[in-house]
Structures are given as structure tokens and as C-alpha cells.
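To start, the structure itself, in C-alpha cells.
Both counts, for ligands and for their atoms, begin at 1 and track the order of listing. Hydrogens, waters and symmetry mates are skipped; everything else that's a heavy atom, side chains included, is used. Numbering starts at 1 and runs along the sequence shown.
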Amino acid sequence: MTTDHGQLTTDNGPQTTDQSMEIPKQYDPKQAEQNHYERWEKQGYFAPEINRDENAPVYSIVIPPPNVTGSLHMGHALQHTMMDVLTRYKRMSGYRTLWLPGMDHAGISTQLMVTRELKKEGTSRHDVGRERFVERVWKWKKESGGQITKQMRREGVSVDWSREKFTMDEDLSRAVREVFVRLYEEGMIYRGNRIVNWCPNDQTVLSDLEVEKVPQAGKLYYLQYPAKNGERSVTVATTRPETMLGDTAVAINPNDERYRDLVGETLLLPLTGREIPVVADEFVDPEFGTGAVKVTPAHDPNDYEMGVRHNLEQIVVIDGHAKMTEAAGAEFAGLDRYKARAKVVEKFEELGLLEKVVDYEFSISKCERCKAVIEPLISTQWFLRMDELRDEALKLLAREKKPQFVPEVPYEKVYSSWLENLRDWTISRQLWWGHQIPAWYTKDGEIIVARSEEEACAKAGSEELTQDPDVLDTWFSSQLWPFSAMGWPEKTKDLDTFYPTSVLMTGRDIIFLWVSRMVMMGLKFMGREPFADVFVTGTILDAQGQRMSKTKMNGIDPLEVFDKYGVDATRLKLASVGSTDIRWNDKQVESYRNFANKIWNAARFALLNSEGATIDPETLSAAGPGLALHDRWILSRLNKTTRDVREALGGYQFHEAVQTLYHFFWDDFCDWYIELTKADVTAGEATPQRTAARTRLLTVLEQALRLLHPFMPYITEELWQRLPGAPFNFGQLLHPAYRGAEPTIMLAAYPEVKAALIDDDAEWEMQALIDLITRVRNIRSEMNIKPSEPVPVLIGSPDEKLRAVFSANKNQISRLVRASEVSVKEELEAPQASARAVLVGGAEVAVPLAGLIDFAQERNRLSKEKEKLRVESSKLEAQLANPQFAERAPAEKVNEIRARIADISQRTAQLDQTIENLQ
Ligand SMILES: [Zn+2]
């Protein structure tokens, strides 16, 4: 960036007559990317305040806050592109738009990052202590955190950076404490003992969603426990023999005949000498193992429940580091859990109490992050009761179908069945980085929950309080994001204006962790859902169809793709993903880079021929009778495209929107309209007709750039600023809500549909012309006719309307196919030695070949082609006839071969006809 206007100052307005000096031959995406973002941001275009219409409709999105430790990956780039497309589209349509950015403090990831740094320095978090550790994290955040916000600027995202938030900001932390206190006061947050998922490596509790179940080939150990009276013994089966040291009962199903007489008996637990009862419990599955199960209330969630039912003692024999405790007995204390397992088995064997060991496949719980095997432990944690919150969310869905999931199938069901099966949520985490739980303990162990330490002291009537050392699960603060980021609990203007937001854009993996919780909290604290729609994006897989992941090292860095193909081309590819999963393929981005070059070249042509012309939307507002067919046609195409793109975006059909724009710009505008208007635009003499043609071409281009802008912000701005009259005469092109702002295509009005200009007659006529021209061009290339050689074009059409179209456009036809003459008759009159084609509407076209080509040579060439096709066809037939192939080949492959054979037979018939005509 040089000055605000940078490259613009040289071509400011009509007094510069020739734009050709200013526009480079080649499109340079990097240059365009550097030219605009900083200026957009500085000018305040991203902020809702740029909109001066007090009655403007509102559109708002909060970004799913990326982790402060994160750097941009394809998943972000995908979501950000779609959010930006919607935001830019709505902004150009006059909405007061807010897209609010921010970052998440990402409790455990960030803590690990800094812990690792300390380790490198030869110290640890326990050495430096909590206070200094947290200071260190803040320092890290300031210096190295938030890489992603710089990378996001490169993406071109129009987020309002002036409103950027961080989940650990003081105001957001205040919101967290407020929510905690209110939920506690209503009895929805409580402290209690539970068996929790404990990661012995990360030293913290994990929610069920942070645990992954992995199939594991293990062993099932059959252990005998003798009865106290010495008459018999009971055999129990377990995958974890070491936990037997903490057993406090054996349980059987009350309906199990085999053991009925044992209920109430006392067993002698081997290795410990402890006396334990046999209890009857419906929970026991008589089919598992021997039908008798050991009960270890302190180390298994189901046993814990059973222990509560039968009032059993909880003996903790494994500690938080997965080592055996003193309670496991002197022989075992201090042993790692797996060493203890081996030792228990060995002892049972020595005692003759190991009945058997069998192979057994089961699923083991691992920490999603570090893959350590989870240890279920009893611990005191904070919980959030979910039943009431959940019921409200389900009611909202049933009553008002909110939020509206797109695609509705399967995500609405995914969401509702998750809610239906929801259990209380363990919200405390044994970390230092995060929102410390606002609960204090008096010397007598009384719990005081308060918004601040002062408030706690006042409530307790004492200064001698200790704050709970735990912090809240990171999702506790991110579930408040849609309103905490807008200033809640203050009654702010932003909340008033922008809550609820319009849409949440998310991946399917966090519908539980995040989406559902935001809905519940929004309803609870704002009385309204946090967003109207939830759009669930597809997933970008690698070329082999695998999920991209850091550990697999198969991720594709969006920044590298930007460097290679440009941001706009990448965005177009990303937007077209929509809600389906795709395998990444650079080729597709490459084709969009070609599209960007096509746009550049088309604009360059218009600019090189712009002398005397201006941008004048009035010229596109009416299709008078004096207008040529191609002009009426392009207006119709433009308005249909506008209609279809608006409809597609309204329904989150990103893929359709991209396809519509691509087809319009490449096929309609570049391949046909520019060709058809070329003669008028490049005329040597400065006539009013030439000026009108130039103005119309430029103005259609300008509309097309606006349509493309939300998808391809950089190239469209770069070109828009180069249009004649830019930027100082462009105030009139801005949406009325932005009048007075420094002109930018960002604030230009998104094209509106003028239904009256959709002209089906013109489209029909033009289609006939396109069909004719395409056929004649095909003939030229098939018959090897030199491009410089003019050819006669003979048309026969029984349809009078078609004849009128061809007759009226003889000049265009001549120019576009290089015809020496164009004759239009009711019946085709052509010499036998002609190449022919059938056109739509029953018309026929013929190109007499005498004098154009050497018949003998051509017959020879065509016969060779025929022979090649015959060989190919017989090979394919043989393949189909092979029974092995027919059985194994997928149906598509077989269909593909059949289609090819049909093609060949059709082509062969054509060749026969042509060869005969060349006699
Ligand atoms: Zn872990």
C-alpha cells in the first residue's frame, strides 16, 4: 500500500482518455490482495456504523472463535469464506451488517503450549507457581498467540476488527462469573462426587466428549473369590484385575438361578483378607462372564452407582497418576496400574485362584488429546444440571423449529437426539489457564459463590477465604459467546441491535459441544435463541478421502494455496463446497484461477476500448425496441443470473451460486456477448453507436463484478477501481445506505432483479444463433478447413420465426464463422459434397466443401478415423463379453463403456455419410 488511492490516482476519471496504459496484461493476484484489505479496514467498511440508514435491516454473524493457539487450516478457510460471502452480500444489499471476530482461550491446548516452553527451559509449572504461570501464558498470548488473525486478513474476511473479543477478556470473564453465580443460586450448578474420566497424563478431568472409545484386543481374567465359610467360591470375570484390590462386593442378577442361594453370603477377598458381601442387582448381565461381577465403586461408573444403591464402601486404590495407593496394600502401593495388574494375576495364579485367562476384544477409553488411557476416578467436581435447559431447547425446536438446520437432514435429528440423552455436565477442569471457578471456601469448609472476592468476603463475613483452584471447561465460556461478545450482562446497544444473530456457520463435529449449549444458554439468559439458522458446512478431505489432521500430516495449508492460485480463486472453490464433503484437488482451484484470468482479460478488453464511455446503469434499465438481439439477450441473462444467485444465497446454496456466476461470466458474457458486441465496440470511428456499445459493455461488466464481489473480493475491487470514472464519480453506484462513503465495490448496491428485462424470446432467438454458430465452427474443425478460409453457410428452416432470426443476424453469423455468404431458405438446397448438421427447431445447416478441401485426402483421413473407432469398439465389446469383467466391474464402469460404444456407432454413421458426400 502506498497511499489511500494507491494505483487509482493515475486513472481518476474521464479526463484520462485511454485506460490501456494502466491495465497490465497479466492478472497479478498478490498485487490485488495487497492493494485493498488495509484500506477497507481503515476506512471502516467492515463496521456496521458505515451504514447510515437508521431503518436498515440487520444481519449479524458471530465467528466460531478459533483457538488462540491455532493457525489457519482448511476448515477455517472454508467457514470464513462462506461467512464472508453472506456478509458482503448482505452489506451490499443495504443491511446493517456485523460479523464479529474473536478468539477462544482454549484452556488445555494453551496451557500445554506454555508447559512445553517451560520444560525446554528446564523448569515446570509447579516450580513457577500458579500466578507466574498465568502471567507467562498472557505474555505468550501477547507475543505468539493469535497468528490466525493475521492470516484471516489475507483471506479477505470483512469482520469488524474493532469489535474483536477474546474469551478471557475482562468483560467476557465477568459474563462467565455472572452466569455461574446465577445458575448456582438457582440450584442448577452443584458440587458433587462422581466417577469422572480422568486423564493421568494431562492431570485433568475430561468430559465424555473429550474421550474416545478405541477397540482393543485384551484379556478377560477369571478370578475366584472363596466364600468365608470355605464351602464354595464365586468366579468373577474382569479386564482389569488390579482393581480387585478396591472391590467391596460381588453382584449377581436377582433372577439368576445359579447364584440365588449366595445372596447375603460373605466372601473373602484374596490378597486383602477383606470380607465383602454378595449383593443382588438388576444391573448385572447374567450373560457376561460368569454372571457374577466384582464391584469396585471407586473405579468404575456403573459400580459407583451400584455402590450407592447398596451402600458399599468406596476404596480408592488408584491415584490421579494411575499409580496404586496405600489402600491397595503395602505390596502394591506406588506401583503403576499395569505393573499392579501383572502382580495381581501372578498372585492369583500362585494361590490357585486364577481360573482362566481368555482373549477378549473390548473398547477402551482414551484421552482424545494425548491418547493416554483414561482412569475412571471418584472426585469432587462442579456439575451443571442440564434437564431444564435441555427441555427448553427441545421445546423451542418442536414449537418454532428453531434453530433451522441447513441441511435439515440429518443435522436436526443429530441435535435433538443428543439433547434427549443429555446428562449433567462436569464443568470443572484441573487447569490453571481459564476462568477460575468463582467459589470460595471458609475455614470451616463452607462454600461461598460470588461474582468477586470482595462479594465473597462480604457474604462470608471473613477475609480468610480460599478460592476453588479449578477452572471452568473452555466450552462454559464459549457457550455464552453470541451474547457475551456483545457486552452482556450490560444492556448494550449491540445486543439490542444484533442479537439474535442471523446464522451460525459450523462444522458438524461441534453440534453437541457448542451449538446445543449456545442455544440452551441463549434461551436461559437472553430469553431468545442465539441464531436463526445453523448452516453445517461440508468437510474437506485429502485426495484419498481421509480427514485432514495434524497427526496424519495430510493437511493442506490454505496460505500455500493462496500463494499458488490467489485468494479469490481459492475462495471460489471453497464457497462451492457448501454442505457436502469433498476431496481436495488443486486442479479445481486452478480452473478458478483460469476463471480469474478470464475476468481480467474480459475487463481489459472493455477498458482498452472505453474511450468516450462511462458506467451508466440507466442503459441497463430498459430494453427498447431499438436494441440488438445480443443486447436484449445479455440483459435477460444478467437479470436471470441476479435472480438465481440471490435465490441460491437466500437458501445457502453456495455451490449453485458459484456455478451460476461462473457460467454467466465465462459462457454468456465472455464467449458470446463480447464476441457479438465486438464489431460495434472496436469500430474505428467515434460514433454515438460505438459509445453506446462501449457504455453497455462496461456497465454489464460493472454489474457482473458486483455480483462476483462477495466471492472474489480482490479482483472485483481491483477492476472496479479501474473502470472509467472511478472512483470519484462512483458515489451514485453505492447503495443508498452508504452514500457519502469513499467509493468501493464493497458498498456498491448488489444488483436487483428487473423482472421486465427477463426476455424469453431473446433467449430463444439467441440460443438458435449460438446453436448455428457452434455447429458451423464444429464443421470447420472436423473438416480441417483453414481458419482463414471463408465458407458458404446454407440454412434451411421450415420454421418462419427461425428464418427471421437467422436473416436478421446474417452479419453476426458471417463474422463469427467467417462466412463468405449466408443463405436462409425454407428448404435446404446444398450440393451433395457438403458437411451438414441438424439444428434445434428442425432447421438444417450445410457447408459446401467443393474448393475448400482436397476430397481424396479428406476421404482417406476420415476412413482412417473410422478404422480406429472400429478397433476401439471391438475391444470394448470384447471386454463386455468377458464374463469375469461383467461380474466384477462396478455398474458405472459398465454403463460408461456402453455409452462409449453408442457414441462410436453414431460417429461412424456420421463418417459414412460424410465420406459418401465427398465422392
Ligand atoms: Zn490426556
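Side-chain contact annotation: Gln381 with Ser379, donor-acceptor N/O pair under 3.5 Å present. No side-chain donor-acceptor contact under 3.5 Å links Thr110 and Lys141.
Under the ring pair (Phe, Tyr, Trp, His ring centres under 6.0 Å) test applied with Phe133, the options Trp138, Trp140, Trp432, Trp433 reduce to a single match, Trp432.
Excluding waters, the protein N/O/S atoms found under 2.8 Å from the Zn ion (ligand 1) are Cys199 SG, Asp202 OD2, Cys367 SG, Cys370 SG.
In this structure, Arg194 forms a cation-pi arrangement with Phe383, its terminal cationic atom sitting closer than 6.0 Å to the ring centre and no more than 45° off the ring axis.
Sequence neighbours left out, not one pair with a member in residues 318-339 passes ring pair (Phe, Tyr, Trp, His ring centres under 6.0 Å).
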Q) What do the steps show when you test Trp481 against Trp488 for ring-ring contact (aromatic ring centres under 6.0 Å, His included), and what is the final call? A) CA-CA 10 Å; Trp481 181 247; Trp488 189 90; over 10 Å; no
